[in-house]
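Position 1 is the first residue of the sequence; numbering continues from there.
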Amino acid sequence: MVAIILIIVLVILVAWYIGAYNGVIRTRTHVQESWSQIDVQLKRRNDLIPNLVSTTKGYANYEQSTLKKVIALRNQLTEVPADDHQQTMEVSNQLSTTLRSLFALSENYPDLKANAQFSKLMEELTNTENKIAYSRQLYNSSVANLTMKIQSFPSNIVAKVHHFQESDYLQVPEEEKTTPKVNFDDFGQDK
């Protein structure tokens, strides 16, 4: 009778251990998958940039420094090691900022703004930027789930035995956290 109870307890412990291990593996896989989604969107944006640059080049002869910066950041992004997520996102953030300034330049060039190909590229890039932002949120959410699994009892026992590591959250650059200062006097209000 004692042997049967020991066997049942052992079977329960083995089943729990397998379940906990698979849970941590599943959560780690979600983190990897969510990073892959970011990577796909970054590749999509990188593929759109040469078309944007060639479309813009003819109109923005005086804005060559911005175009060169976009190209340099795109190239820099392709050279970042695949496992350096934080560096990838830092360069990506710089590229996003530079692309926004390139879009702002279109205000100075009405012919460019009216160009159907430029408008389509701007729309595609805007959609891609939105997908990147969503994918970053998904990644950080997946990282939070993995962190909870690794730190919570009893799955932390399995995580420690198998040397599972927490992943780093993607950080928002400090300059994007600051609230822009608004001076209402600039809006022509009466004093």
Side-chain angles (χ1 to χ4, degrees), residues 1-50 52 70 73-100 121-180:
M1 182 70 164
V2 173
I4 293 175
I5 293 173
L6 285 175
I7 290 173
I8 291 173
V9 168
L10 185 62
V11 167
I12 290 172
L13 286 174
V14 167
W16 165 82
Y17 193 89
I18 290 170
Y21 179 82
N22 287 340
V24 176
I25 290 289
R26 190 172 24 261
T27 307
R28 184 181 66 182
T29 302
H30 286 292
V31 169
Q32 293 165 344
E33 176 190 15
S34 60
W35 177 257
S36 177
Q37 291 301 319
I38 292 172
D39 211 29
V40 165
Q41 295 309 321
L42 293 177
K43 169 126 177 53
R44 181 172 188 261
R45 180 178 64 188
N46 283 349
D47 291 346
L48 291 170
I49 287 174
L52 178 70
V70 166
L73 287 168
R74 177 189 178 266
N75 292 341
Q76 184 180 350
L77 190 59
T78 61
E79 294 169 1
V80 174
D83 61 342
D84 192 346
H85 298 170
Q86 198 61 44
Q87 176 71 20
T88 298
M89 291 316 301
E90 286 174 18
V91 175
S92 175
N93 290 338
Q94 292 173 16
L95 182 56
S96 293
T97 301
T98 306
L99 284 172
R100 282 194 291 269
L121 286 167
M122 275 184 59
E123 183 179 329
E124 285 186 44
L125 278 166
T126 300
N127 289 338
T128 301
E129 290 293 331
N130 291 337
K131 289 176 183 178
I132 291 169
Y134 172 77
S135 297
R136 286 177 67 149
Q137 291 172 340
L138 177 63
Y139 176 82
N140 280 344
S141 177
S142 299
V143 167
N145 290 335
L146 178 61
T147 299
M148 284 186 282
K149 286 272 189 193
I150 290 174
Q151 293 180 356
S152 298
F153 182 79
S155 59
N156 65 339
I157 296 168
V158 175
K160 191 170 200 151
V161 167
H162 294 281
H163 307 290
F164 285 101
Q165 299 291 318
E166 293 180 26
S167 294
D168 293 328
Y169 290 97
L170 296 176
Q171 303 295 319
V172 176
E174 286 302 317
E175 62 271 7
E176 289 186 25
K177 291 181 186 178
T178 59
T179 305

Verify, without hydrogens or angle tests, whether Ser141 (side chain) and Gln137 (backbone) share a donor-acceptor contact under 3.5 angstrom.
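Checking the backbone N and O of Gln137 against the side chain of Ser141, no donor-acceptor pair under 3.5 Å is found.
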
For Asp47, is there any backbone N or O sitting under 3.5 Å from a side-chain donor or acceptor partner on Arg74?
no

Return yes when atom CG of Leu13 has more than 12 non-hydrogen atoms of other residues, nucleotides or ligands closer than 6.0 Å, and no otherwise.
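Atom CG in Leu13 is packed in, count exceeds 12.
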
In sequence, state the C-alpha distance, the side-chain angles, and the governing distance for Asn145 and Lys149, and then conclude on side chain to side chain contact (heavy atoms under 4.5 Å, CB included).
CA-CA 6 Å; Asn145 290 335; Lys149 286 272 189 193; 5.8 Å; no

Could you measure the distance from the [atom1] atom of [X] to the [atom2] atom of [Y]? Nearest 0.5 Å is fine.
X: Asn93; Y: Thr98; atom1: CG; atom2: OG1; result: 10.5 Å
X: Gln86; Y: Thr88; atom1: CD; atom2: OG1; result: 9.0 Å
X: Gln41; Y: Tyr134; atom1: CD; atom2: OH; result: 11.5 Å
X: Glu129; Y: Ser92; atom1: CD; atom2: OG; result: 6.5 Å
X: Arg45; Y: Leu77; atom1: CZ; atom2: CG; result: 6.5 Å
X: Thr128; Y: Glu123; atom1: OG1; atom2: CD; result: 10.5 Å

Is any side-chain heavy atom of [X] closer than 4.5 Å to a side-chain heavy atom of [Y]?
X: Ile38; Y: His85; answer: no
X: Leu125; Y: Arg100; answer: no
X: Ile150; Y: Asn156; answer: no
X: Ile49; Y: Leu73; answer: no
X: Glu33; Y: Ser142; answer: no

Contacts of type salt bridge (charged side-chain N to carboxylate O under 4.0 Å, His left out), residue Asp84, not counting sequence neighbours
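For Asp84 there are no salt bridge (charged side-chain N to carboxylate O under 4.0 Å, His left out) partners, ignoring immediate neighbours.
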
Using residues 20-31 as the side-chain source, report each donor-acceptor pair under 3.5 Å to any protein atom, sequence neighbours left out, with the distance given to one decimal.
| residue | atom | partner | partner atom | Å |
| --- | --- | --- | --- | --- |
| Asn22 | ND2 | Ile18 | O | 3.4 |
| Thr27 | OG1 | Gly23 | O | 2.8 |
| Thr29 | OG1 | Ile25 | O | 2.8 |

Any chance you could lay out the side chain to side chain contact (heavy atoms under 4.5 Å, CB included) test for Leu99 and Leu52, step after step, and finish with the verdict?
CA-CA 10 Å; Leu99 284 172; Leu52 178 70; 3.7 Å; yes

Shortest non-hydrogen contact from Glu124 to Leu48?
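Between these two residues, the closest heavy atoms are OE1-CD2, 3.3 Å.
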
Check Ala82 against Trp35 and note the closest heavy-atom contact, atom names and distance.
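Smallest interatomic distance, heavy atoms only, reads O-NE1, 4.2 Å.
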
Donor-acceptor contacts under 3.5 Å from residues 157-170 side chains, at least two apart:
| residue | atom | partner | partner atom | Å |
| --- | --- | --- | --- | --- |
| His162 | NE2 | Tyr17 | OH | 2.8 |
| Glu166 | OE2 | Gln151 | NE2 | 2.8 |

Take Gln87 and Gln76, measure what side chain to side chain contact (heavy atoms under 4.5 Å, CB included) needs, and give me the verdict at the end.
CA-CA 10 Å; Gln87 176 71 20; Gln76 184 180 350; 4.2 Å; yes

